Structures are given as C-alpha cells and as structure tokens.
A.B. asks: 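So that we are looking at the same thing, I have put the structure below in structure tokens.
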Amino acid sequence: MVKVLVSDPIHEDGVKILREAGHTVDLRTEITAEELKKVVEGYDAVVLRSRTKLTAEVLEKADRLKAIARAGVGLDNIDTIYAEERGIEVFNSPEAPCNTVAELVIGLMLSMARHISVADSTMKQGRWEKNRLTGIELSGRTLGVIGFGRIGYTVGKKARALGMEVLAYDVLMDKLRRFVEEIGANDVDLDTLLAEIDFVTVHVPLLPQTRHMISAPQFEKMKDGVYVVNAARGGIVDEAALKAALDSGKVAGAALDVYESEPSPDPELVERANVVCTPHIGAGSVEAQRGNSTIVAEKLIKFFG
Ligand SMILES: NC(=O)c1ccc[n+]([C@@H]2O[C@H](COP(=O)([O-])OP(=O)(O)OC[C@H]3O[C@@H](n4cnc5c(N)ncnc54)[C@H](O)[C@@H]3O)[C@@H](O)[C@H]2O)c1
C-alpha cells in the first residue's frame with residue numbers, strides 16, 4: 001500500500017484522486033520541520049508546495065521515500081541533488097498555470113489598450129474623464145511573443161482569437177514551428193519581431209541569456225508607441241531601460257506582473273499611469289491551484305503504477 005504525506009495545503013481534488021486510486025493519504029498541512037523528521041520514514045511519497053523544506057537532513061531519514069511531488073513549479077525548497085543521489089523521483093506541475101497566466105496577459109493588454117485601470121481609479125476618485133480615455137483596439141494589431149513554450153503558445157492562440165497578428169520568436173523554434181503554424185502565427189527572428197510589433201510579451205525563463213533581453217538596444221529597434229508586457233520573471237525586461245523608453249514615448253504603456261525586486265518593486269515604475277501593475281498573480285487562480293494538485297496526483301499514481 002502506497003502511503004502519501006501531504007505536508008502543505010493543496011487543492012482537495014488531488015487528495016481525492018490519490019485516495020480513489022487506493023493510496024493512503026495523511027493530511028498534515030501544518031507539520032513542523034521537527035515533526036517531519038520524525039514521521040517521514042513512514043511514507044512512500046510527500047506532496048508539498050513551498051512551505052515544507054525537504055533538506056538532506058530530512059531526506060536522509062526518509063528510508064522508504066520514492067517520490068516527491070511539488071504541487072507547483074519551483075523546486076528551491078527541495079534538495080533535488082540529494083534526492084537524485086538517493087533515487088527519489090521529483091515531480092512538479094509547470095503545465096498547471098499556463099492558461100491562467102495567458103488569460104492575465106490578455107487582460108493586461110486589454111487594460112493598457114483601453115485604459116481600464118486608469119478609468120477605474122479616476123472614477124473611484126469621483127472623476128469622469130471620458131474624453132481622456134480614448135483607447136485602441138487589439139484586433140488588427142501585431143503581437144510579438146518572445147518564448148513560444150507552454151505559456152507563449154497559449155497567449156498567441158488567444159491573441160489570434162482576438163484578431164491580432166502574432167509573430168513568434170524562440171531559440172527552439174525548429175521544435176515549435178508546427179505550433180506556430182497551428183495558430184496561424186509566423187515565426188521570425190528577434191530583430192524582425194522587434195521592428196514589426198505593436199505589443200510584445202515575454203515568456204522565456206529567467207536565465208543569464210534572457211536577463212535584460214529587452215533593454216535599450218531592443219527598445220531602439222521597436223516602433224514608437226509600443227506596449228510591453230512582462231508576466232514571466234522580473235529582470236527579463238530591463239526596468240531602467242523601460243523607464244527611459246516610457247519617458248521618451250518609445251513605449252506607450254507597460255504591463256507588469258513580475259519585477260526585478262519583489263515584493264518591493266521600484267515605485268518610480270509602479271506609480272506611472274501608463275504602467276499597469278499586478279503583484280505576481282500570474283498563476284493565481286482556483287483552476288491553476290486545482291491543476292497543481294490534480295496533475296501531481298496523477299503523476300504519482302502513474303509512477304506507483
Ligand atoms: N507570472 C507568473 O505567476 C508566472 C507563472 C508561471 C510561469 N511564469 C513564467 O513564465 C515563463 C514561461 O513559462 P512556460 O511554462 O511557458 O515555460 P516553457 O519552458 O514552456 O517555455 C519557455 C520557452 O522559452 C524559450 N526560450 C528560452 N530561452 C530563450 C531565449 N534566450 N530566447 C528565446 N526563447 C527562449 C524556450 O525554448 C521555451 O520554448 C517562465 O519565465 C515562468 O517562470 C510566470
């Protein structure tokens with residue numbers, strides 16, 4: 001019988017799936033580090049989010065442990081190197097928030113195009129600024145998607161449904177071209193993308209190669225009055241260069257869910273009326289949480305056969 005310890009709060013559907021598959025699931029979502037060290041030897045799998053720390057000190061007591069399932073993406077709280085040495089499989093669920101993040105990106109683009117957040121905040125201040133709030137349509141505009149993986153593809157597909165032209169750029173385009181074709185987008189090199197877009201959204205991981213990949217030289221290549229979205233990771237768009245591009249009018253508006261400094265982003269950026277900000281809520285939906293829990297539950301069931 002497979003014994004599973006759920007040590008952080010996860011959506012109940014994942015627990016249900018594990019139980020229906022005949023696994024014994026113990027919910028101890030407030031377990032302390034000391035308690036975990038005492039009980040971990042009794043489990044075949046641990047399901048966690050970011051609160052529980054599976055350090056080498058804990059894992060060396062986990063004689064029976066065969067799998068760790070992180071309901072979510074980041075694995076920083078797990079000693080993955082030690083886990084691998086011990087032959088413990090580690091699962092996560094990067095596919096879960098994909099639609100949720102893509103919907104936020106579309107919402108951010110609509111908010112910039114139609115001044116929705118400015119309209120809302122001025123009305124709440126008792127102002128009726130109808131004439132100042134003339135916007136633009138997304139339909140017919142060109143969106144550049146940099147990084148055409150899970151989220152980039154989903155954003156591209158939704159943008160096409162809104163009548164946008166989509167240009168995609170990815171270092172692994174040879175493997176992704178069929179997805180570009182499937183949604184009626186075009187794959188281009190980065191310089192062509194930068195020169196032709198009205199909106200740009202980045203969906204690459206933060207790596208040394210992608211840090212500040214949108215900076216002063218890239219803004220220089222764009223048309224005047226472009227709109228920029230970063231709902232990937234802070235630092236992919238260079239915030240100092242973005243401020244300069246907003247000052248010069250090169251960038252008409254920016255929408256940010258992620259920042260170089262979290263949770264205290266640069267107020268000089270956040271306070272601007274033409275910058276729409278959200279506090280890293282890209283993956284924050286009920287559906288994404290349910291997905292995190294059910295996807296890792298299904299991976300565990302498959303693993304234990
Ligand atoms: N805002 C949020 O809360 C939130 C939630 C989930 C994911 N994210 C972020 O979204 C981003 C994309 O996630 P995903 O699940 O789509 O990842 P993914 O791995 O499916 O796709 C990333 C794509 O970027 C491409 N890429 C890597 N380096 C590149 C480069 N130098 N130039 C061009 N393309 C490059 C890869 O080839 C890949 O196709 C990540 O940064 C992730 O951290 C943010």
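Just so you know, ligand 1 is whichever comes first in the structure, and atom 1 is the first atom listed for that ligand. Nothing here was measured: the structure is a model prediction, and the numbers come from that model.
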A.B. asks: Is ligand 1 less than 4.0 angstrom away from at least one heavy atom of Val204?
C.D. replies: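 Within the 4.0 Å threshold, so yes.
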A.B. asks: Using 0.5 Å steps for rounding, measure from the NE2 atom of His212 to the CD1 atom of Ile236.
C.D. replies: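 The CD1 atom of Ile236 is 10.0 Å from NE2 of His212, to the nearest 0.5 Å.
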A.B. asks: Near Asp257, which atoms of ligand 1 are under 4.0 Å from a heavy atom of that residue?
C.D. replies: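 Answer for ligand 1: 1 (N), 2 (C), 3 (O).
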A.B. asks: Which option wins on minimum heavy-atom distance to atom 12 (C) of ligand 1: His203, Lys175, His280?
C.D. replies: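 The residue whose heavy atom sits nearest atom 12 (C) of ligand 1 is His203.
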A.B. asks: Any heavy atom of Val73 closer to ligand 1 than 4.0 angstrom?
C.D. replies: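 It does not; every heavy atom stays at 4.0 Å or beyond.
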A.B. asks: For Phe91 together with Phe303, are the ring centres under 6.0 Å from each other?
C.D. replies: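 Between Phe91 and Phe303, which both carry aromatic rings, the centre distance is below 6.0 Å.
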A.B. asks: Is it the case that ligand 1 has an N or O less than 3.5 angstrom from some N or O of Gln209?
C.D. replies: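 By distance alone, the answer is no.
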A.B. asks: Kindly confirm or rule out an N or O of Pro94 lying under 3.5 angstrom from an N or O of ligand 1.
C.D. replies: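 In fact, backbone or side chain, Pro94 has no N or O that close.
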A.B. asks: Keeping to residues at least two apart or across chains, list the ring pair (Phe, Tyr, Trp, His ring centres under 6.0 Å) pairs with something in residues 233-255.
C.D. replies: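 Of all non-adjacent pairs touching residues 233-255, none passes ring pair (Phe, Tyr, Trp, His ring centres under 6.0 Å).
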A.B. asks: I'd like the name of whichever of Gly72, Gly282, Ala232 reaches closest to atom 44 (C) of ligand 1 through any heavy atom.
C.D. replies: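 Considering heavy atoms of Gly72, Gly282, Ala232, the nearest to atom 44 (C) of ligand 1 sits in Ala232.
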A.B. asks: So which bit of Asp170 gets within less than 4.0 Å of ligand 1, heavy atoms only: side chain, backbone, both or neither?
C.D. replies: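 Asp170 to ligand 1: contacts from backbone and side chain alike.
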A.B. asks: Looking at Leu172, which atoms of ligand 1 are within less than 4.0 Å of one of its heavy atoms?
C.D. replies: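 Counting from 1, the qualifying ligand atoms are 37 (O).
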A.B. asks: Are any of the N/O atoms on Phe148, whether in the backbone or the side chain, positioned under 3.5 angstrom from an N/O atom of ligand 1?
C.D. replies: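 There is no such contact.
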A.B. asks: Using the side chain to side chain donor-acceptor pair (under 3.5 Å) rule, collect all pairs that involve residues 69-83, keeping only residues at least two apart or in two chains.
C.D. replies: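 Of all non-adjacent pairs touching residues 69-83, those that pass side chain to side chain donor-acceptor pair (under 3.5 Å) are Tyr82-Arg86.
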A.B. asks: Less than 3.5 Å between some nitrogen or oxygen of Tyr169 and one of ligand 1, yes or no?
C.D. replies: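 Such a contact does not occur with ligand 1.
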A.B. asks: When you compare ligand 1 with Gly147, is there at least one nitrogen or oxygen pair between them that comes in under 3.5 angstrom?
C.D. replies: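 Checking ligand 1 against Gly147, no N or O pair falls under 3.5 Å apart.
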A.B. asks: So that I can tick it off, tell me whether Lys124 and Asp120 are bridged by a salt bridge, with the cut-off set at under 4.0 angstrom between side-chain N and carboxylate O.
C.D. replies: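 Here Asp120 pairs with Lys124 in a salt bridge, since their nearest N and O are under 4.0 Å apart.
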A.B. asks: What atoms in ligand 1 come closer than 4.0 Å to a heavy atom of Leu176?
C.D. replies: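 Ligand 1 atoms under the 4.0 Å threshold to Leu176: 39 (O).
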A.B. asks: Checking the N or O distance criterion of under 3.5 Å, is ligand 1 in contact with Leu206?
C.D. replies: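 Min N/O separation from ligand 1 is not below 3.5 Å for Leu206.
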A.B. asks: Hey, could you give me the OG1/CD distance between Thr52 and Glu30, rounded to the nearest 0.5 Å?
C.D. replies: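 Thr52 OG1 to Glu30 CD: 11.0 Å, rounded to 0.5 Å.
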